[in-house]
J.: 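Here's a structure for you.
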Amino acid sequence: MRLLEYASGRINSVLNEIDQLEGCEFPYTHSSDALRKIKSSFEDALQYLKNCPEDPESAMDLCATSLGILFRCLPLLGFILRSTDVRNSFEVVRPLLHISEKLIKPRTETGKEKTKLILSSEWSYSPITYHEIPDLPGFVLIGLPAPESENPLLIPLSGHELGHALWNVYRLKEHLKPKFQEEIVNYIMNNQEEYKQAFPSISQINLSTKDLLESAGFPTWQHASIWVLEQAKETFCDFIGLRLFGTSFLHAFAYLLSPNVSSPRSVKYPQALKRVKNLKKAAVKYGFDIPDNFEDMFKDRPAPFLAKSEKFQLTIADNVLEKNMDVLIDKAQALIREANIPKPNIEESRRIYERFKLIVPAEKCKGLADILNAAWKAYNDPNLWENMEKFEKEKEKFEKKKERILKDLVLKTIEVFEVEHILKGDA
Amino acid sequence: MVLKGRDIAKLLKKGEKPGTKDPFVITPHADVEEIAKSGSASINLRLGTWFVTLERSRMRAWEIKKKGEPQQQIARAEHYIPFGNVYLLHPRSFVLGITLEWIRLPSNFAAYVIGKSSLGRRGLIIATATGVHPGFKGCLTLELSNVGEIPVAIKPGMEICQIFIHKTHKKDSKYIDRSQFVGSRKPRLGDVTLDEFAEKLTLSQEGNP
C-alpha cells in the first residue's frame with residue numbers, strides 16, 4: 001500500500017535526521033534527553049504503521065494520526081539543535097533551572113516527571129516557548145531570538161516564557177474560564193444595543209442570560225471567550241516575568257518590543273500601550289521601580305482587520321481582562337511567594353553594580369534577578385567606565401567594547417553565583 | 001617582589017571591601033584563610049568552562065596583517081563543557097582554555113602564570129604568553145597542549161595553573177593594561193598586526209630580491 005510506504009518513509013527520514021543530531025555536542029543532558037524522547041515517539045509511530053490493518057480506511061486514519069508527530073515535533077528538533085549553539089548563554093541554564101524547579105516542581109513531581117529546561121534560540125524576532133508538548137512532559141523550553149541569544153540582559157524575558165509553563169501546570173485556564181464567561185455574558189446583558197448592532201440577525205430576540213449561555217447564543221461570544229483567556233495568559237506571563245526579575249524585566253521588555261508597529265495588533269495580546277500600563281500597575285503593586293519614559297517608548301499597533309461582530313467581541317475581551325487585572329497580578333505574586341523565590345532587592349543590585357563599575361564580577365549574590373537588575377543599571381549608565389573611554393580613540397569602538405565586556409561580566413557573575421551555589425551544597 | 005600567600009590573602013580581603021578604589025580580585029577563590037596559611041608564593045587557578053579549537057579549513061595560511069587591514073577569520077570551534085564533564089585532550093593536540101577565575105590586578109601589580117609541574121609531567125603543558133600586566137581585568141586565556149603519549153581528560157574546575165603576583169615599583173593608573181583581552185570570559189585569539197617598526201622593515205624590502 002503506497003500510503004503506508006510514503007508515511008513510513010517520512011518517519012524514517014526524521015529518524016535518520018535524529019541519528020545525526022545525536023552526534024551533536026550537547027552541553028546539558030536535558031537537550032539529549034528530549035531528543036531521545038522524541039526519537040522514541042517517532043519509533044512508536046513507525047511501529048503503529050507496521051502493524052496497520054489492511055482495510056484502506058483504517059490505513060488512512062492510522063497514517064494521518066501517526067504523521068501528526070511530524071508537524072508536532074519537527075520544530076522541536078530544530079529548537080533542540082539550536083540549544084547546542086555556543087552563542088547561547090549557557091551560564092544561565094542552571095540558575096534558570098533552579099527557578100523553574102522551584103516554581104513548577106510542586107506540581108510536576110506528582111506526575112513523576114522532573115522539571116527539565118532547554119535554553120535555545122529561535123530565528124524569529126521574539127522570545128518563544130513551546131507548551132503542552134505531549135512528547136516532552138516536564139520540559140520547559142525557552143528560546144531567545146538568535147541574534148540576542150548571547151545577551152544576558154534579555155534573560156528576564158525568559159520569565160514570561162516560564163509563565164506559560166506555570167499557566168499550564170496550574171491549569172489557570174480551566175480555573176478562570178467560568179468566571180470570564182460569566183463576565184462576558186454580563187457585559188453583553190449590560191450592552192444590549194451594541195450586541196444587537198454587532199449581530200443584526202438576532203436583533204429581534206429578547207436577550208436573556210440563559211439564551212446567551214445556550215448553544216444558540218454561545219457562537220456570538222465564543223471568540224471573546226477565547227481571546228480574553230489568551231490575553232489573560234500573556235498578561236499573567238508578563239507578571240510572572242516582572243515579579244521574578246523586577247525592573248530588569250521592564251528594561252528587557254522595552255529593549256525587545258518597543259516600538260513594534262510592523263503588524264496589526266494580535267487579538268491574543270492586549271493593545272501595546274495597555275500591556276505597558278498593566279505592567280506599570282503591577283510594578284507599583286510589587287514595589288518595583290519603573291524605568292524613566294518607559295511608556296513613551298511604545299505605540300499602539302494598527303487595529304486588526306475584523307468584522308463588526310468580531311470587533312465587538314474584542315471589546316468584550318479587553319473589558320473582561322481589565323476587570324480581572326488584579327486577580328492576575330495577585331496570582332503571579334502568590335505563585336512566586338509559594339515557591340520561595342526571593343524578591344529582587346534594590347540594595348543588592350546596587351552592591352553588584354558597584355562591582356561592575358570596577359570591571360569585577362560580584363560575589364555572594366542572592367539571586368539571578370539582582371544580577372540582571374545591576375546589569376541593566378550598568379548598561380544604562382552613560383558614565384560607566386568613563387576612565388576607559390578616555391583611552392579609546394573612537395567612541396563607537398568604545399561602545400562596542402563596553403557592551404561586550406558588560407555581557408561577559410554579567411555572565412561570569414552568573415557563573416560565580418552558580419559555583420557558590422554548588423559549593424554550598426544547594427545544587 | 002613576589003607576594004606570598006599571606007600577602008595575597010590580605011590583598012584579596014581588602015579587595016572585597018566596598019569602596020576600595022583599585023582592588024585586587026580573584027573570583028571565585030578558595031577560602032582566604034587557606035591561602036594565608038599555605039605559605040606558598042603563588043595561588044592556584046582553575047580551568048574554566050569554555051574552550052576554543054582551531055580547525056582545518058580552505059585558508060592557505062594564517063598571515064600577519066598590516067595595521068588597518070582586516071584580520072583573517074580563522075576557522076575555529078567553541079566548546080562549552082559544564083562542570084561535571086570532561087574535555088579530552090589527545091596527544092599532540094592543542095586547545096585554548098580559560099581560567100575559571102576572573103582576575104583584576106591593581107595598577108601596581110603584575111603577574112606571571114605558570115603551569116603545574118604535576119600536570120606537566122603527564123604531558124599537559126600550559127604555555128607561552130604568561131605575563132599579566134598591571135590593571136588587567138578578565139579571565140586568562142590558556143594555551144593547553146598535550147605533548148605526552150596518552151589522552152588527558154581535563155575537567156572544568158580542576159586546578160590547572162598557578163599565578164605569581166609581583167609588586168611593581170610605581171603606582172601609575174595612567175599606564176595600565178588596556179589590551180584587547182580585557183574583560184573576557186571566553187578564550188580569545190585576539191588580533192595580530194605588524195607594528196610600525198616591523199611594517200617599515202617589510203615595506204622597504206617588498207619586491208626586492
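Residue numbers begin at 1 in each chain, while the letters A, B, ... track the order of the sequences.
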J.: If I measure from the heavy atoms of chain B, does Arg351(A) come under 4.5 Å with its side chain, its backbone, both, or neither?
T.: neither

J.: Measure Glu354(A) against the heavy atoms of chain B and call it side chain, backbone, both or neither at under 4.5 Å.
T.: neither

J.: What are the two closest heavy atoms between Pro27(A) and Pro82(B), and how far apart are they?
T.: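 Looking at all heavy atoms of both residues, the shortest contact is O-CG, 2.9 Å.
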
J.: With a cut-off of 6.0 Å (strictly less than), are more than 12 heavy atoms of other residues, nucleotides or ligands near NZ of Lys65(B)?
T.: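 Buried by this count: over 12 neighbours within 6.0 Å.
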
J.: Indicate the atoms forming the closest heavy-atom contact of Val25(B) with Arg355(A), along with that distance.
T.: CG2-NH2, 3.6 Å

J.: For each of Val360(A), Val419(A), Asn88(A), tally heavy-atom pairs with chain B at distances under 4.5 Å, and name the one with the top tally.
T.: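 Among Val360(A), Val419(A), Asn88(A), the one with the most close pairs to chain B is Val360(A).
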
J.: Roughly how far, to the nearest 0.5 Å, is the CD1 atom of Ile359(A) from the CZ atom of Phe136(B)?
T.: 11.0 Å

J.: Could you report the tightest heavy-atom contact between Leu358(A) and Lys21(B), atom names first, then the distance?
T.: CD2-O, 3.4 Å

J.: For the NZ atom on Lys343(A), are there more than 12 heavy atoms of other groups (residues, nucleotides or ligands in this structure) within a distance under 6.0 Å?
T.: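 Counting other residues, nucleotides and ligands, NZ of Lys343(A) exceeds 12 neighbours.
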
J.: Salt bridge check, Glu91(A) against Arg185(B): does any charged N sit closer than 4.0 Å to a carboxylate O?
T.: yes

J.: Is it true that, when you exclude Lys4(B) itself, more than 12 heavy atoms of the residues, nucleotides or ligands shown sit nearer than 6.0 Å to its NZ?
T.: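 No, not enclosed.
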
J.: Return the option, out of Leu411(A), Val93(A), Asp408(A), with the maximum number of heavy-atom pairs under 4.5 Å with chain B.
T.: Asp408(A)

J.: Which pair of heavy atoms, one from Leu100(B) and one from Lys412(A), lies closest together, and at what distance?
T.: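 In terms of heavy atoms, the two residues are closest at O-NZ, 2.7 Å.
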
J.: Is it the side chain or the backbone of Ile98(B) that comes within 4.5 Å of chain A heavy atoms, both, or neither?
T.: neither

J.: Distance from Thr27(B) atom OG1 to Glu415(A) atom CD, nearest 0.5 Å?
T.: 10.5 Å

J.: If you count heavy-atom pairs under 4.5 Å between each of Phe83(B), Trp50(B), Trp102(B) and chain A, which one has the most?
T.: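 Of Phe83(B), Trp50(B), Trp102(B), Trp102(B) has the most heavy-atom pairs under 4.5 Å with chain A.
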
J.: List the atom of Glu78(B), the atom of Val86(A), and the distance in Å for their closest heavy-atom pair.
T.: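 Shortest heavy-atom separation between Glu78(B) and Val86(A) comes out as O-CG1, 3.2 Å.
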
J.: Of the backbone (N, CA, C, O) and the side chain (C-beta and beyond), which part of Pro28(B) lies under 4.5 Å from a heavy atom of chain A, both, or neither?
T.: both

J.: Does Glu55(B) CD have over 12 foreign heavy atoms under 6.0 Å away?
T.: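 Yes, because the 6.0 Å sphere around CD of Glu55(B) holds more than 12 heavy atoms from other groups.
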
J.: Would you say Lys116(B) has more than 12 foreign heavy atoms packed within less than 6.0 Å of its NZ?
T.: yes

